[in-house]
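These values consider heavy atoms only, across backbone and side chains, with no hydrogens, waters or symmetry-generated copies. No experiment lies behind these values; they were computed from the predicted model shown. So that the names make sense, note that chain A is the first sequence line, chain B the second, and so on, each numbered from 1.
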2 protein chains.
Amino acid sequence: MSGPSRAPTMADVAATAGVSLSTASLAFSGNKPVSAATRERVLSAAAQLGYTGPNPLARNLRQGRSGVVGIAVGPLSTAFRDPAALPMLDAVSQVLEREGLGLLLMGEGDEHAALPLDAVIYDICGRETWDAYADLAARDVPVVVVEGPSWPGSTFIDIEHHAGATALARHLHDLGHRRVATVTLAPSHPQREREAGLREVFPDAAVVGACESDLTAAQELVGPWLDHGPGATAVVCQSDVQAAGVVLEARRRGLDVPGDLSVAGFDGVATPWLDLELTTVVQPLAEKGRAVARAVLDRISGTDTADVLLPVELRVGGSTGPARS
Amino acid sequence: MSGPSRAPTMADVAATAGVSLSTASLAFSGNKPVSAATRERVLSAAAQLGYTGPNPLARNLRQGRSGVVGIAVGPLSTAFRDPAALPMLDAVSQVLEREGLGLLLMGEGDEHAALPLDAVIYDICGRETWDAYADLAARDVPVVVVEGPSWPGSTFIDIEHHAGATALARHLHDLGHRRVATVTLAPSHPQREREAGLREVFPDAAVVGACESDLTAAQELVGPWLDHGPGATAVVCQSDVQAAGVVLEARRRGLDVPGDLSVAGFDGVATPWLDLELTTVVQPLAEKGRAVARAVLDRISGTDTADVLLPVELRVGGSTGPARS
DNA sequence: TTGTACGCGTTATCAA
DNA sequence: TTGATAACGCGTACAA
């Protein structure tokens, strides 16, 4: 066999099979019926030439789609440190994969501006603005935003931050808590909504401080506050990871949870290294991911999309109890 | 201004600017000098038409590259559950991003076979075979493999599993341990190498069992073994997460670590929720990621690549101590 | 420094 | 069911 100087193209296959280029194309794509005999001839010619199928680059240009969806999550090591991020990403990826679409990780910058993306998912709760958005909008790239912020022309997938936080607050109030503090996130849509929900019940809730959803960060934030003498009987956190940090830090100071201090989280993720189930607001992470993926598919196909608001559910665990009187 | 029926193309820009198509191309790419005056005309024509720059799809076809690198990590929720995965992924992503390359997450299947990938990183330690490999090889897509298995034509980035495991074993031996058990991984290159390294010092090390690098999995594996009466004074794990699981499970049974049982891990990741620093084999995760990214860049550019073997380092923490006599 | 012409490899339209 | 032909939008020799 003669070593081919360049990769075989579909035209080579067609020539070898003795059919026209368009027939060869149909034999591969199956977009229109082709007789079994000719398809066979085409495929065997392809095998003989070592042709590995239509060049994706050419197909993409022709069809005007790349098959790649970007997801902006910020620096990966921080984005995925919170276990709440994974189930959603997993669900998105699975749904898209089924459609032959790939998921491309984007930082926050616009280094990926030159990549052909069919759509972009924006999933950085902690950021309010996004420089790359104007670019994407100008190029008519569909954008699906997870948990705000709100930009014109985007589709939004959100959860009931406010209602969830209020339900949690009521639970604490029912337990007799009157002085409550909160560990919050950087200013953002979820942060504002959840805090507002909390204040429906505890208008005067004290803010311990803001940090990302990271165990160590939460510990460093709450430690000094605990030392200073909290003056609160319960701490409401904006994530389970933060809540776990508060639990660990409280215990380190000899406080009993929930005897001396009730601690609540948000998200509903597993914390197997904590011998305690957190009281938390469970959000449907996988369902959120599927909703995101569906919105992406709709936007790509031009179907109308509606924003989605997913319900949350209070789950009472062992980290909250009656207020110490 | 008249609403354009279709997106403007570079030809439109060139026409509006009164220059040729190739000149417009040069004005955007900067591949050859263009007079400041013409560039200015081209850019203002582009702005006027709302042209957002060269179509990436067309550019990709023309240049034969997509700017996208695939990374096969398996199901995301399991792949990133282990904190050891993130620093590497982060490093890979950062280096590639700097070159304008994007990172696309692939499952283990071949659903992404139709995507134009410039290279693929294979990073599923637990898998021995990969159906998609033959496809990629046939299409001449460069493959960089992290920690085996070994396929012809791939570039390998690996760490000193064997030496690290042996160093750890020596440490235990020096502490007087003679009866050692190991929690291992599914059969794989790292598993074989590390276990062989361990057996350099403890040829008769007992195998507790194999599980993935997951806290709960490790707990469920080691629990019954502990109940049964271990008959070992130290447990060597194949990951820090596994080791943490063993520590928690041992404590739950009233055993002191390291008083009653020494526990060692592998990786060197942070376990902030454990009030104990694990004795472990620290691998250079970020450096591994950079090596992977460099190999990818070299393979894409056609530069020769050499396999990389990165050193590891024993870090003695508080989870190992003298053997109980 | 700029313009001309061609090709990248495919899919879609239309007619046969 | 098949074939001829025209895009898709751009980069790059080559010539001017």
Side-chain angles (χ1 to χ4, degrees), chain A residues 4-43 45-46 49-67 100 113-118 139-140, chain B residues 4-43 45-46 49-67 100 113-118 139-140:
Chain A
S5 59
R6 59 175 178 82
T9 149
M10 195 184 282
D12 299 330
V13 174
T16 303
V19 299
S20 79
L21 174 56
S22 43
T23 302
S25 175
L26 294 179
F28 283 108
S29 71
N31 282 357
K32 301 246 176 200
V34 171
S35 81
T38 33
R39 170 186 294 112
E40 188 50 42
R41 285 230 306 288
V42 171
L43 295 182
L49 293 178
Y51 178 73
T52 52
N55 181 323
L57 257 21
R59 194 219 319 263
N60 286 351
L61 171 60
R62 189 52 242 239
Q63 306 193 133
R65 339 178 310 108
S66 67
L115 294 180
L117 301 176
D118 289 348
R139 285 162 54 197
D140 277 321
Chain B
S5 60
R6 57 173 180 84
T9 152
M10 195 184 279
D12 299 330
V13 174
T16 304
V19 299
S20 82
L21 176 55
S22 59
T23 301
S25 176
L26 294 178
F28 284 108
S29 72
N31 283 357
K32 300 248 176 200
V34 171
S35 80
T38 29
R39 169 184 296 111
E40 187 51 42
R41 284 230 307 288
V42 171
L43 294 182
L49 293 179
Y51 179 72
T52 52
N55 181 322
L57 257 23
R59 196 222 317 264
N60 285 352
L61 171 60
R62 195 49 243 248
Q63 304 191 143
R65 338 177 313 106
S66 68
L115 295 178
L117 301 176
D118 289 348
R139 285 161 55 195
D140 276 322

Asker: Taking only N and O in the side chain of A/Arg59, is any of them less than 4.0 Å away from OP1 or OP2 of C/dT11?
Answerer: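 Yes, because at least one side-chain N or O of A/Arg59 sits under 4.0 Å from OP1 or OP2 of C/dT11.
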Asker: Rounding to an integer number of Å, can you tell me how far B/Leu57 CG sits from D/dC10 C1'?
Answerer: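 Spelled out: CG on B/Leu57 to C1' on D/dC10 is 11 Å.
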Asker: Quick one: is C/dT2 close enough that its OP1 or OP2 comes under 4.0 Å of any side-chain N or O from B/Thr38?
Answerer: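 Checking C/dT2 against B/Thr38, a side-chain N or O does come within under 4.0 Å of OP1 or OP2.
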Asker: Please determine whether a side-chain nitrogen or oxygen atom of B/Tyr51 lies at a distance below 4.0 Å from atom OP1 or OP2 of D/dC10.
Answerer: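 Checking D/dC10 against B/Tyr51, a side-chain N or O does come within under 4.0 Å of OP1 or OP2.
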Asker: What nucleotide among D/dC10, C/dT1, C/dG3 has an atom nearest to a side-chain atom of B/Pro33?
Answerer: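 Given the options D/dC10, C/dT1, C/dG3, the side chain of B/Pro33 is closest to C/dT1.
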Asker: Side-chain N or O of A/Thr23 versus OP1/OP2 of D/dT2: is the shortest distance under 4.0 Å?
Answerer: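 So the side-chain polar atoms of A/Thr23 never come under 4.0 Å of the phosphate oxygens OP1 or OP2 of D/dT2.
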Asker: Tell me which of B/Gly18 and A/Asn31 sits closer to the 5' end of DNA chain C, going by the nucleotide each one is nearest to.
Answerer: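 Result of the comparison: B/Gly18.
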Asker: Rounded off to whole Å, could you give me the CG-to-C1' distance for the B/Leu61 and C/dC6 pair?
Answerer: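 Going from B/Leu61 (CG) to C/dC6 (C1'), I get 14 Å.
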Asker: Looking at every non-hydrogen atom in both residues, tell me the closest pair between A/Leu49 and A/Pro8 and how far apart they are.
Answerer: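 Where A/Leu49 meets A/Pro8 most closely, the heavy atoms are O-CG, 3.6 Å.
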Asker: Is B/Ser29 side chain donor-acceptor paired with the D/dG11 base, going by distance under 3.5 Å alone?
Answerer: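 No, the side chain and the base share no sub-3.5 Å donor-acceptor pair.
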Asker: Quick check: closest heavy atoms across B/Arg139 and B/Leu115, and the distance to 0.1 Å?
Answerer: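 Minimum heavy-atom separation between B/Arg139 and B/Leu115: NH2-O, 3.2 Å.
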Asker: For DNA chain D, whose closest nucleotide is more 5', that of A/Leu21 or that of A/Val34?
Answerer: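 This one resolves to A/Val34.
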Asker: Ignoring backbone atoms, test whether B/Ser25 places a side-chain nitrogen or oxygen under 4.0 Å from the OP1 or OP2 oxygen of D/dG11.
Answerer: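 Indeed, a polar side-chain atom of B/Ser25 lies that close.
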Asker: Looking at D/dT1, I'd like to know if its phosphate oxygens (OP1 or OP2) sit under 4.0 Å from a side-chain N or O belonging to A/Ser35.
Answerer: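 For D/dT1, OP1/OP2 do not have a side-chain N/O of A/Ser35 under 4.0 Å.
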Asker: Could you work out which one of D/dG11, D/dG3, C/dG9 sits closest to the side chain of A/Ser20?
Answerer: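 The answer is D/dG3.
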Asker: How many whole angstroms separate atom CD of B/Gln63 from atom P of C/dG7?
Answerer: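 My rounded result for the distance is 19 Å.
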Asker: Taking atom P of D/dC10 as reference, at what distance in whole Å does atom CZ of A/Arg62 sit?
Answerer: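 So the two atoms are 15 Å apart, to the nearest Å.
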Asker: Starting at CZ of A/Arg65 and ending at C1' of C/dG9, how long is that distance when rounded to a whole Å?
Answerer: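 Rounding to the nearest Å, CZ of A/Arg65 and C1' of C/dG9 are 17 Å apart.
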Asker: So, using side chain to side chain contact (heavy atoms under 4.5 Å, CB included) as the criterion, who are the partners of A/Leu57 when residues are at least two apart?
Answerer: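 Scan of A/Leu57 (side chain to side chain contact (heavy atoms under 4.5 Å, CB included), adjacent residues dropped) gives A/Asn55, B/Asn60, B/Leu61, B/Ser66, B/Pro116.
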Asker: Report yes if at least one side-chain N or O of A/Thr9 is closer than 4.0 Å to OP1 or OP2 of C/dC8; otherwise report no.
Answerer: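 No, A/Thr9 has no side-chain N/O under 4.0 Å of OP1/OP2 on C/dC8.
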Asker: Starting from C1' on D/dC8, measure out to CG on A/Asn55 and report it in whole angstrom.
Answerer: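 A/Asn55 atom CG is separated from D/dC8 atom C1' by 14 Å.
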Asker: Please check if the side chain of A/Asn31 supplies one atom and the backbone of A/Leu26 the other of a donor-acceptor pair under 3.5 Å.
Answerer: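 No; judged by distance alone, with no hydrogens or angles, the pair does not exist.
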Asker: Just the rounded figure in Å: distance from C1' of C/dG9 to CZ of A/Phe28.
Answerer: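 It is 13 Å, rounded to the nearest whole Å.
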Asker: Rounding to an integer number of Å, can you tell me how far A/Asn60 CG sits from C/dT11 P?
Answerer: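 In whole Å, C/dT11 P and A/Asn60 CG are 10 Å from each other.
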Asker: Are A/Ser25 and A/Arg62 side-chain neighbours, meaning at least one heavy-atom pair lies under 4.5 Å?
Answerer: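 A side-chain contact under 4.5 Å is absent here.
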